[in-house]
*Asks:* 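Once you've had a glance at the structure underneath, I'll fire off some questions.
Read the numbers this way: they start at 1 and go in the same order the structure lists the ligands and their atoms. Position 1 is the first residue of the sequence, and the numbers go up from there.
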Amino acid sequence: MKQKLQITFIIATLAVCSIVLFQLYWLYYNYSNAERSFHTTAVQALEKSISLYQSQQIELPTSLNYKKPSLTVFMRTTPSVEAFDLDTPKHKRLFNAEFKTVAIDKQHEPYVRELIARFMTQQMHKPLDLKALTVIYSNELKKNGIKMPVKLTSRKTPLEVKPTEVASRIDFYKSPVLVVAKLDSSGWMFRHNVLPASVSLVLILLSAGSLWYMSVIIRRQLKLDRLKNDFISNITHELRTPLTILRSSNEAIARFDVATNPEKLNRYTGINADIIDKLEGEVERIMDISLIDHSLGVKKRQQVDLVELIKNLIGRFQVLDSNAINFNYNGSEIVVNTEPYKIETILNNLLDNASKYAGAKAHISVEIINKSDNWQLIVSDTGKGISADDLPYIFDKYYRVNNGDLHDVKGYGLGLSHVKGLVESLNGKIKVKSKEGQGTTFILTFPV
Ligand code: ADP
């Protein structure tokens, strides 16, 4: 059982760790994807903004606005002399030239505009107006869902664009320039990662929570297993002794011719009857507890004078027990609406425990405190107390404080769990305070 539970727990732990690791990996993957997507969008927007900016800087041929866009090129054919040398005295020559008009496909028209704009601005080396470019870039980013303050700078060296940089190069013929954008992506990254991160967090918490819950259940199961074994060993111990005595006395009757000796027969049958009574008592004790467990829901409330009920019970108790029991209460009678049988059983169990565990010299006291909205029953003793390690478990079924293998005090660990069940069935609460060597106090509070 223990091993099986351990294996189950190990498998569950592995599964939960894998889920957590996978979630972390997924989060990282998502984060770097978002980062990459942000970078690509920002660079593409910058390139597009530069093109737009360039097309605004020069006047483009009006023939591109026609229904059928075209471009007319002035082409020199002969002689082949450098264009700018033609009119110098050295090269005063005639040359042939022709105009060529090329029809531009409607779908290619934007590219042609872009190409001419780039070519002209770059070759003419028009100085960069970073302010105008910044406005265009901001709008371009907004179109792509990126809203944030933008700062553009230009630099001549180094010209290489680093992978982390949002930058684009303009190849002016005099000296190329790098336009670099400074963007604070943290807000954008936060917005794009908050949902997956929250989902992951919920999943991680759920997995860790279920593992924790499972460990609680397994620990409880293991404890129950141990308690069950303790219970069986206790009950076997309690039953074995009387059975051994029964067997010996039976053997004596058979062997020593007791049947013909009425005096001996009487003694042995007396012993047997005693043992049978004891066994019956034990069986009834267990039956009683399980029967009452089943009838906890049945309500038989009536007006009860607590003072009288408790006085009677203490009286009965003191016939059997040597410990003195003090009874304190305020007023002459305290009448409450409750189930007297349950109150008697509760007090019986608590007094029984006090005299069993507290030791012969201990003082036991019972007190009733009657308040306007509740009443309290307090049972305390000045006995050996319960250790802080055991205290949280004493109301658990079958739990007994470990006395090694000593069976000096009889019990099955059912009394207090039963008391708690009864108190709760009366809508009450039970609390225990105890210090080793100083004593134990049970405080029961019932609503009026
Ligand atoms: P049991 O049948 O063993 O008496 P209970 O549920 O009544 O079972 O009590 C659980 C354990 O709590 C006992 O084994 C005992 O060690 C401890 N206990 C209960 N009452 C007292 C007390 N008044 N003083 C010291 N120990 C106590």
Side-chain angles (χ1 to χ4, degrees), residues 220 223-224 226-239 241 278-279 281-293 296 310 313-314 317-318 320-327 342-367 376-425 428-444:
R220 201 176 295 164
K223 201 177 102 193
L224 216 70
R226 184 173 58 78
L227 293 176
K228 185 196 75 194
N229 290 342
D230 284 359
F231 175 67
I232 292 172
S233 107
N234 260 331
I235 204 162
T236 333
H237 177 87
E238 301 296 339
L239 296 180
T241 323
K278 218 172 186 184
L279 281 173
E282 291 294 327
V283 172
E284 255 162 34
R285 226 156 84 94
I286 301 170
M287 287 290 287
D288 199 26
I289 284 165
S290 79
L291 269 180
I292 292 165
D293 266 357
L296 286 181
I310 293 171
L313 202 134
I314 290 176
F317 219 84
Q318 279 188 318
L320 304 166
D321 200 74
S322 57
N323 291 68
I325 303 175
N326 286 333
F327 180 33
K342 288 186 182 175
I343 299 293
E344 262 186 44
T345 314
I346 291 168
L347 195 57
N348 221 353
N349 268 292
L350 293 178
L351 289 177
D352 190 37
N353 275 353
S355 65
K356 269 191 326 192
Y357 298 111
K361 285 182 197 149
H363 296 288
I364 302 173
S365 69
V366 178
E367 188 179 359
Q376 285 185 316
L377 177 63
I378 300 170
V379 179
S380 42
D381 64 66
T382 54
K384 65 175 181 179
I386 304 166
S387 77
D389 287 345
D390 289 308
L391 205 56
Y393 305 109
I394 57 164
F395 294 110
D396 290 359
K397 236 179 191 172
Y398 308 127
Y399 192 87
R400 302 202 72 208
V401 174
N402 202 351
N403 284 330
D405 263 348
L406 287 179
H407 291 277
D408 54 341
V409 182
K410 288 177 186 173
Y412 302 111
L414 289 168
L416 287 180
S417 99
H418 179 51
V419 164
K420 189 168 185 239
L422 289 173
V423 172
E424 282 169 358
S425 78
K429 284 197 177 109
I430 183 163
K431 272 202 291 186
V432 59
K433 289 180 190 165
S434 188
K435 264 207 174 138
E436 261 184 304
Q438 291 185 17
T440 308
T441 304
F442 289 92
I443 303 163
L444 287 64

*Asks:* Heavy atoms only: which of Phe395, Tyr357, Tyr398 is nearest to atom 15 (C) of ligand 1?
*Replies:* Tyr357
*Asks:* Heavy-atom contacts with Tyr399 under 4.0 Å: which atoms of ligand 1 show up? List them by number with element.
*Replies:* 10 (C)
*Asks:* Evaluating non-hydrogen atoms only, which member of Ser417, Gly413, Gly415 is closest to atom 2 (O) of ligand 1?
*Replies:* Gly413
*Asks:* Answer yes or no for Lys356: is there a heavy-atom contact with ligand 1 below 4.0 Å?
*Replies:* yes
*Asks:* May I ask you to check whether Thr345 and Asn348 show a side-chain donor-acceptor distance below 3.5 Å?
*Replies:* no
*Asks:* Between Arg400 and Asp390, is there a salt bridge with N-O shorter than 4.0 Å?
*Replies:* no
*Asks:* Please report the closest heavy-atom contact between Phe395 and Phe442, naming both atoms and the distance.
*Replies:* CZ-CE2, 4.0 Å
*Asks:* Would you mind listing which atoms of ligand 1 come within a distance below 4.0 Å of any non-hydrogen atom of Arg400?
*Replies:* 1 (P), 3 (O), 14 (O)
*Asks:* Please check if the number of heavy atoms outside Arg220 that lie under 6.0 Å from its CZ is greater than 12.
*Replies:* no
*Asks:* Mark yes or no for whether Thr440, through its side chain, and Asp381, through its backbone, hold a donor-acceptor pair below 3.5 Å.
*Replies:* no
*Asks:* Mind checking whether Gly385 has a heavy atom under 4.0 Å from ligand 1?
*Replies:* yes
*Asks:* Out of Asp396, Thr440, Ile394, Val432, whose heavy atom sits nearest atom 12 (O) of ligand 1?
*Replies:* Ile394
